[in-house]
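Note on naming: letters A, B, ... go to the chains in the order of the sequence lines (proteins, then strands), and numbering restarts at 1 for each one.
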Protein chains: 2
Amino acid sequence: MGRWEPNGRGRLAQAALDLYVERGFDQTTVAEIAERAGLTERTFFRHFADKREVLFDGSSLLQQSMVDAVAAAPASASPMEAAAAALEPMGELFDQRRDFARRRHSVISVNPELKERELIKLATLTEAIAATLHERGVAEPAASLAAQATIGVFHVTFQRWVAPGETRELGELMRESLAELKAVVR
Amino acid sequence: MGRWEPNGRGRLAQAALDLYVERGFDQTTVAEIAERAGLTERTFFRHFADKREVLFDGSSLLQQSMVDAVAAAPASASPMEAAAAALEPMGELFDQRRDFARRRHSVISVNPELKERELIKLATLTEAIAATLHERGVAEPAASLAAQATIGVFHVTFQRWVAPGETRELGELMRESLAELKAVVR
DNA sequence: TAGGCGAGGTCAGCGCCTGACATCGAACCC
DNA sequence: GGGTTCGATGTCAGGCGCTGACCTCGCCTA
């Protein structure tokens, strides 16, 4: 058999990213995305909640991987150590897709609406980690604060990782930022 | 002269909040807001960028007050101390408007789109504080991390302050959360 | 082979938001 | 006073995002 044939959802996501990169998010209509994918506008909205969501398809996978890591941290770990365990699988998850991440980032970073969506994804991540810390017996507000600090590190570090010219791997950058945070907060 | 007559902008903001509380954000159309304010839909959009923005009219004032506080921190303050100075004027700014804040919060907290907008306001705040820290000679990533931690504390604490039953003042809660953060990170 | 089911198409319509142009009253200038 | 400018608002037309309701078609399975 030949090359893999992407399904409707995959074609839509691909077409959307391509068009957003080519001519900008605002200058792209959903009808155009659907047309390039060989489908109709209505079908786009059956797969994605809105025009922005198509750029955030991987977020549930990311969340699952973070939550699993926190849950799997040794029982002896402090709340902050457990939360920070979420950062360990990040290299695994992202290092192979750096150019995809960069294309995606180039679209999001110039559009306030897309930044909003990104931020709420990060907030959801934060809540998920806080909830996992609760299950480990961590009380409030320690759980929320540790989760917040962890996702703060993730966000800042991800930005550095997609920046042009940066070649270090994500895991290394994560460990570096985390050390910085500990040094700064006192 | 009689009671103060609110201008168009003020009437629109008031009508919007009232309607959002009465029947929910999604169930309110901009045309209805305008009608209650005695104006037209077009005029609403001349005053506010979109249907959500009307709930965030005070954000530039908040940002200014935080930035000023950071800039005014003593030169001897550490980066985190300087950033955390942004939290001190919060009681001044909010304690007199707690019921307004609660009404507003009751609308935002049940609507993802509105949470998105709130989050980007917080992110803008974070950047403004980081920039102010830069002017104080703080380098990256320390400035971003300190700003992030500070706004994280602000957000978590504000949520507690508007929670039903909470009677303590904002300043007190802020100091408490900040102490927690220091204890938790490390 | 009939029926279920999942992916997709078609159509109609609401509501958000914008550009272009018109109106009107207050302030300002001569 | 009369003209002028200017800011706030109204009117109109229209694009686009998004949704509900209903239909088609191919595939799987009892």
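A side-chain N or O of A/Glu140 and one of A/Ser144 form a donor-acceptor pair less than 3.5 Å apart.
If you measure from atom CG of A/Leu114 to atom C1' of D/dG17, you get 14 Å, rounded to the nearest angstrom. Atom CZ in B/Phe44 sits about 11 Å away from atom P in C/dT18, given to the nearest Å. Between B/Leu39 atom CG and C/dT23 atom P the separation is 20 Å, expressed in whole Å. In this structure, B/Phe45 places its CZ atom 19 Å from P of D/dG14, rounding to the nearest Å. The interatomic distance linking A/Phe48 (CZ) with C/dG8 (C1') rounds to 15 Å, in whole Å. Separating the NZ atom of A/Lys51 from the C1' atom of C/dC16 is a distance of 13 Å, rounded to the nearest angstrom. Atom CZ of B/Arg46 is separated from atom C1' of C/dT18 by 11 Å (rounded to the nearest Å). Protein atom CD of A/Glu113 is 11 Å distant from nucleotide atom C1' of C/dC16, rounded to whole Å.
Of the side-chain N and O atoms in B/His47, none sit less than 4.0 angstrom from OP1 or OP2 of D/dA8. Contact annotation: A/Thr40 side-chain N/O to C/dG8 OP1/OP2 distance is not under 4.0 Å. Between A/Thr43 and C/dG9 there is a side-chain N or O to OP1 or OP2 distance below 4.0 Å.
Taking only distance into account, the side chain of A/Arg42 never meets the base of D/dG17 through a donor-acceptor pair shorter than 3.5 Å. No hydrogens or angles were tested; on distance alone, nothing pairs the side chain of A/Arg52 with the base of D/dG17 as donor and acceptor under 3.5 Å.
By the side chain to side chain donor-acceptor pair (under 3.5 Å) test, B/Ser60 pairs with no residue at all, sequence neighbours left out.
Note: A/Phe154 and A/Phe94 have tilted aromatic rings, judged against thresholds of 30 and 60 degrees for the angle between ring planes.
Within the structure, every pair that satisfies the side chain to side chain donor-acceptor pair (under 3.5 Å) test and touches residues 85-97 of chain B, not counting sequence neighbours, is listed here: B/Asp95-B/Trp161.
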